[in-house]
Protein chains: 2
Amino acid sequence: MNVKFNNRDPVYVQVIRHFKEQIAKGVLEPGQEIPSRRELANQLKINPNTAQRAYKEMEEQGLIYTEGNLPSKITKDELVLKGVRKELIMEAVETFIYSVQSIQVPLEEVLDLVTEKYQKSQEEGNV
Amino acid sequence: MNVKFNNRDPVYVQVIRHFKEQIAKGVLEPGQEIPSRRELANQLKINPNTAQRAYKEMEEQGLIYTEGNLPSKITKDELVLKGVRKELIMEAVETFIYSVQSIQVPLEEVLDLVTEKYQKSQEEGNV
DNA sequence: TGTAGTGTATTATACGGGTAATACACATCG
DNA sequence: CGATGTGTATTACCCGTATAATACACTACA
């Protein structure tokens, strides 16, 4: 478990994002058990209530489910799981497009920059 | 003056971003006078202090300058002005690349999505 | 059986960022 | 001269977030 926090967004939001990324990458698989609230809080050095808040929201979004008082698990709903990846991608793309268009960067320049940065970042191992 | 605010970022940050976009697009030219703090506050329906905070930070960044108690003006430093556009673009690209790589979206898919969204957004007139 | 670990809920507190309210000094201009 | 508009500074308040401290019901398991 390795999460780097920034100071801009609430911790619980960043925790949710982290899980979504893990799901999108396939690291977390359907039905897989995830750390308990207290366990997660220990690992990430955050308050159990903050972990609880993140899990609660993920449960409301159908990302995880809980049976009895057993550790929560990743949903088995393939539709939801597929949706996570698509949601993350779309959100990133739309935000990006909005940004570059708001300062009128032509498509060709955008594509060049993306390609360049993508490969450079790849080489440096930022994955 | 037309700024749409979101609830996530502080208003003063969004105000700064707005001015940077205007500068990057060339709408605001070197030496051009900008609204006074109070005037801006009126136009955007925000608190004068919030406008002040935005202007103060812009002044610290060298984007605007103030002589006496006259309305501030856009800097004439071409280097700074050029830098604004580059800064906005780089920031957008880097954030975007980080997002898509964190969920391992291949470059081809990224480029396709960007191209598609860019053109669609263009057609809809979101510029 | 009982202990430890689970999810869940409630209440209180502290802190910081953002915003609001107000005041001051100065200069321009009618 | 006085009023208005400018930049600037100080103080105070609101609210979301994060944390802390408990509490309760349930269950797996030694």
Side-chain angles (χ1 to χ4, degrees), chain A residues 1-20 22-23 28 30-77 80, chain B residues 1 3-20 23 28 31-77:
Chain A
M1 189 73 51
N2 203 5
V3 185
K4 28 184 165 181
F5 292 112
N6 64 63
N7 301 326
R8 184 100 231 115
D9 301 311
V11 173
Y12 79 96
V13 171
Q14 299 181 56
V15 170
I16 295 175
R17 166 162 300 272
H18 173 260
F19 274 95
K20 285 187 177 178
Q22 297 297 306
I23 291 175
L28 293 177
Q32 181 173 341
E33 198 172 89
I34 59 178
S36 76
R37 277 96 167 138
R38 290 174 177 84
E39 175 63 23
L40 181 77
N42 272 334
Q43 288 183 14
L44 302 185
K45 310 296 179 191
I46 62 178
N47 190 279
N49 283 325
T50 304
Q52 159 66 2
R53 181 164 185 179
Y55 275 25
K56 184 181 181 183
E57 196 149 317
M58 286 195 285
E59 186 142 20
E60 287 170 354
Q61 294 180 24
L63 297 176
I64 64 176
Y65 66 96
T66 310
E67 293 170 333
N69 48 354
L70 298 176
S72 302
K73 299 176 181 177
I74 302 296
T75 182
K76 294 174 181 172
D77 187 333
V80 172
Chain B
M1 189 72 53
V3 186
K4 32 184 166 180
F5 293 112
N6 65 62
N7 301 326
R8 185 99 228 116
D9 301 312
V11 171
Y12 80 95
V13 171
Q14 298 181 56
V15 170
I16 296 175
R17 167 163 300 272
H18 173 259
F19 274 95
K20 285 188 176 177
I23 291 176
L28 293 176
Q32 182 172 340
E33 197 172 89
I34 58 179
S36 76
R37 278 93 166 140
R38 289 175 178 81
E39 174 62 20
L40 182 77
N42 272 334
Q43 288 181 15
L44 303 185
K45 311 295 180 191
I46 61 177
N47 191 279
N49 281 325
T50 305
Q52 158 66 1
R53 181 161 184 180
Y55 275 25
K56 185 180 181 184
E57 196 149 316
M58 284 194 286
E59 187 143 18
E60 287 171 354
Q61 294 180 23
L63 297 176
I64 64 176
Y65 66 96
T66 310
E67 293 169 334
N69 47 357
L70 297 175
S72 303
K73 299 175 182 176
I74 301 295
T75 182
K76 294 175 181 171
D77 187 333

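Every chain is numbered from 1, with letters handed out A, B, ... down the list of sequences.
The nearest whole Å value for the distance from the CD atom in A:Glu57 to the P atom in D:dG16 is 15 Å. For B:Met58 and D:dG7, the CE to C1' distance is 14 Å, given to the nearest whole Å. Here the P atom of nucleotide D:dG7 and the CD atom of B:Glu39 are 10 Å apart, to the nearest Å. Atoms CD (B:Glu60) and P (D:dG7) sit 16 Å apart, rounded to a whole Å. Atom CG of A:Leu40 is separated from atom P of C:dG7 by 10 Å (rounded to the nearest Å). Between the C1' atom of C:dT8 and the CD1 atom of A:Ile64 lies a distance of 13 Å, rounded to the nearest Å. When rounded to the nearest whole Å, the span between CD of B:Gln14 and C1' of C:dT19 equals 14 Å. D:dG5 atom C1' lies 16 Å from atom CD1 of B:Ile34, rounded to whole Å.
Of the side-chain N and O atoms in A:Arg37, none sit less than 4.0 angstrom from OP1 or OP2 of C:dT6. A close approach under 4.0 Å does not occur between any side-chain nitrogen or oxygen of A:Tyr12 and OP1 or OP2 of D:dA18.
Nearest-nucleotide assignment on DNA chain D puts the 5′-proximal partner with B:Ser36, out of A:Arg53 and B:Ser36. Of the two residues contacting DNA chain C, namely A:Thr66 and B:Val11, the nearest-nucleotide position lying further toward the 5' end is that of A:Thr66. Between B:Asn47 and B:Leu70, it is B:Asn47 whose nearest contact on DNA chain C lies nearer the 5' terminus. Across the interface with DNA chain D, nearest-nucleotide mapping of A:Thr50 and A:Asn69 shows A:Thr50 to be the residue nearer the 5′ end.
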Please list, for nucleotides 9-11 of chain D, all pairs of protein and nucleotide N/O atoms separated by less than 3.5 Å.
residue	atom	partner	partner atom	Å
D:dA9	N6	B:Asn49	OD1	3.0

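Listed for the B:Glu33 side chain is no donor-acceptor partner under 3.5 Å among the backbone atoms of B:Pro71. Within the 3.5 Å criterion, the main-chain N or O of A:Arg37 finds no donor-acceptor partner in the side chain of A:Gln52.
For the pair A:Arg53 and A:Tyr12, the distance from NZ or CZ to the six-membered ring centre is under 6.0 Å and the angle to the ring normal is within 45 degrees.
Using a 4.0 Å heavy-atom cutoff across all strands shown, A:Tyr55 reaches no nucleic acid atom at all.
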N/O donor to acceptor pairs below 3.5 angstrom from side-chain atoms of residues 56-67 of chain B, sequence neighbours left out:
residue	atom	partner	partner atom	Å
B:Glu59	OE1	B:Thr66	OG1	3.1
B:Glu59	OE2	B:Thr66	N	3.2
B:Glu59	OE2	B:Thr66	OG1	3.2
B:Gln61	OE1	B:Lys20	NZ	3.2
B:Thr66	OG1	B:Ser72	OG	2.7

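Side chain A:Arg38 to base C:dG5: no donor-acceptor pair is found below 3.5 Å.
Atom CD1 in B:Ile23 sits 8.5 Å away from atom OG1 in B:Thr75 (nearest 0.5 Å).
B:Arg17 pairs by the side chain to side chain donor-acceptor pair (under 3.5 Å) definition with B:Glu91, not counting sequence neighbours.
Counting heavy atoms from C-beta outward, B:Val11 and B:Leu44 have side chains that stay 4.5 Å or more apart.
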